[in-house]
Amino acid sequence: MNEKLNKLKKERNAIILAHIYQSPEIHDIADFVGDSLELSRKAAQTDADVIVFCGVHFMAETASILSPDKKVLLPDLNAGCPMADMITSKQLKEWKSQYKNPVVVTYVNTSVAVKAESDICCTSSNAINVVKNIVAGKNAKDMDILFVPDRNLGNYIQTTSGIKMNIWTGFCPTHHNFILPEYVLEAKEYHPNAEILVHPECRPEVVSLADRVMSTGIMCRYVAKSSEKDFIIGTETGILYKLRKDNPGKNFYPVTTLAECPNMKKITLAKVLDALTSMKNTISVLDDVRQKAYLPIHKMLQIAAQS
C-alpha cells in the first residue's frame, strides 16, 4: 500500500500533511507531521499541486484558504471538530455587537465563516504572543478583546499574560472531559520523577498541576532539548508515537489513555490512498469568504510561537 501511495504522490505532485494527533500509520506516510501553526505554514509554502490533509475539517479549510490554487483533500469528510462547532458566525456577530470596540481573537480551531468575522487568528503555540501583540503600544482599556471559542485556552492566555479578555464558553471534549486532575495526580504517584507537560486546552485545575503548559509542537521541541528522561503527557494520545519515535532514550506516560480524539482517528491509510487515487473529498472555500478569512490567518502566521 505504501509503494502505491508513493507512486501516486509522485504522479499527482502531492504532499501529505499530518497533525501530531494522527495515528502511527499516518505519521509514517506523512511528508510532514506538525501542530496547527506548523501545518498552516507548510500548506502556505509548499510547491505541491495537491495537499492531502490528515487532520480535521478546519485544518483542511485553512490550507485551502492559504493555497486556493492547490487541490486540498481531506481523506474523511466526517473528520470534524466539536470545539469548532461550538460557535457560529451568527453567534460571533451577535456577540461582537454587544461591545463598543471589539477585537476578535479566534483560535484556529474554528470554521472559515467564524474566521471571516475575526480580526486575527491564533494557535495554541502563539496565542499569548498574538494577544500581547494586539495590546502592544495601545491602551487595552480602549478595546474589548473577544476570544473564541476555547474557554480553557482563553483562561490560560488571560492568566499568563495578565491581559483581560472576554472568553467564549467552548472547549475541546478530549482535553476537557478526559484529562482530569485526579488522573494527573495518579500518574504522578506512579511516576514521581516525571515532568508534567499539558496542553492549554486542558481544564484550569489540570493546568495548575503541570510543570509546563505548551502546545503539541512546542512540547515536541521541548522534550528533545530537555535533560529530563521521564514525562507525563497531558494531551491527545497521538502525540506519544512521535515523542517516543524521536526520543528513544526517554519515557513518556499519558495522563490517561482515554484522551483520544475520535475525529482525528477517522483518517486511515486506506482513506488516504482512496482520496489520492480518486482525487475526491476536495475542500474548497467560497472566494468571498476566503478573502475575509485570509487576513486574520495571514496575521497569525506573522507572529512567532512561544519559545
Inset, instruction - Output yes when a side-chain donor or acceptor of S67 lies under 3.5 Å from a complementary backbone atom of D69, and no otherwise. - result: no
Inset, instruction - Would you confirm whether K115, through its side chain, and C121, through its main-chain N or O, come within 3.5 Å as a donor-acceptor pair? - result: no
Legend entry - Non-hydrogen side-chain atoms of K7 and E3 separated by less than 4.5 Å: no
Legend entry - Closest heavy-atom pair and its distance - L276, V50: CD1-CG1, 4.3 Å
Legend entry - Path from V130 to I87 over hydrophobic side-chain contacts below 4.5 Å: no
Inset, instruction - State whether the number of non-hydrogen atoms from other residues, nucleotides or ligands found under 6.0 Å of Q98 atom CD is greater than 12. - result: yes
Legend entry - Pairwise ring pair (Phe, Tyr, Trp, His ring centres under 6.0 Å) hits with a residue in residues 35-57, at least two apart: none
Inset, instruction - Flag yes if more than 12 heavy atoms outside K70 fall under 6.0 Å of its NZ atom; otherwise flag no. - result: yes
Inset, instruction - Indicate yes or no for a side-chain donor-acceptor contact from E236 to the backbone of C261 under 3.5 Å, with no hydrogens or angles considered. - result: yes
Legend entry - Shared hydrophobic cluster, I16 / L8 (ILVMFWY, side-chain heavy atoms < 4.5 Å): yes
Legend entry - Over 12 non-hydrogen atoms of neighbours within 6.0 angstrom of NZ in K292: no
Inset, instruction - Using modelled atom types only, decide if a donor and an acceptor are shared between the side chain of K250 and the backbone of V223 within a distance under 3.5 Å. - result: yes
Legend entry - Joint cluster assignment, L153 & I303, ILVMFWY side-chain distance < 4.5 Å: yes
Inset, instruction - Give a yes or no on whether the backbone of Q22 and the side-chain of H27 come within a donor-acceptor separation of less than 3.5 Å. - result: yes
Inset, instruction - Check for a donor-acceptor pair, side chain of E195 on one end and backbone N or O of D230 on the other, with a separation under 3.5 Å. - result: no
Legend entry - Co-membership, hydrophobic cluster, residues Y241 and L197, 4.5 Å side-chain: no
Inset, instruction - Any chance you could measure I297, atom CD1, to K299, atom NZ, to the nearest 0.5 Å? - result: 12.0 Å
Inset, instruction - Over 60° means perpendicular and under 30° means parallel, so classify the ring planes of H298 and Y294, tilted if in between. - result: parallel
Inset, instruction - For the pair F252 and F231, name the ring-plane relationship: parallel under 30°, tilted 30 to 60°, perpendicular over 60°. - result: parallel
Inset, instruction - Tell me, yes or no, whether the heavy-atom count around N101 atom CG, taken from other residues, nucleotides or ligands under 6.0 Å, exceeds 12. - result: yes
Legend entry - Lys/Arg N to Asp/Glu carboxylate O, D76 vs K265, below 4.0 Å: no
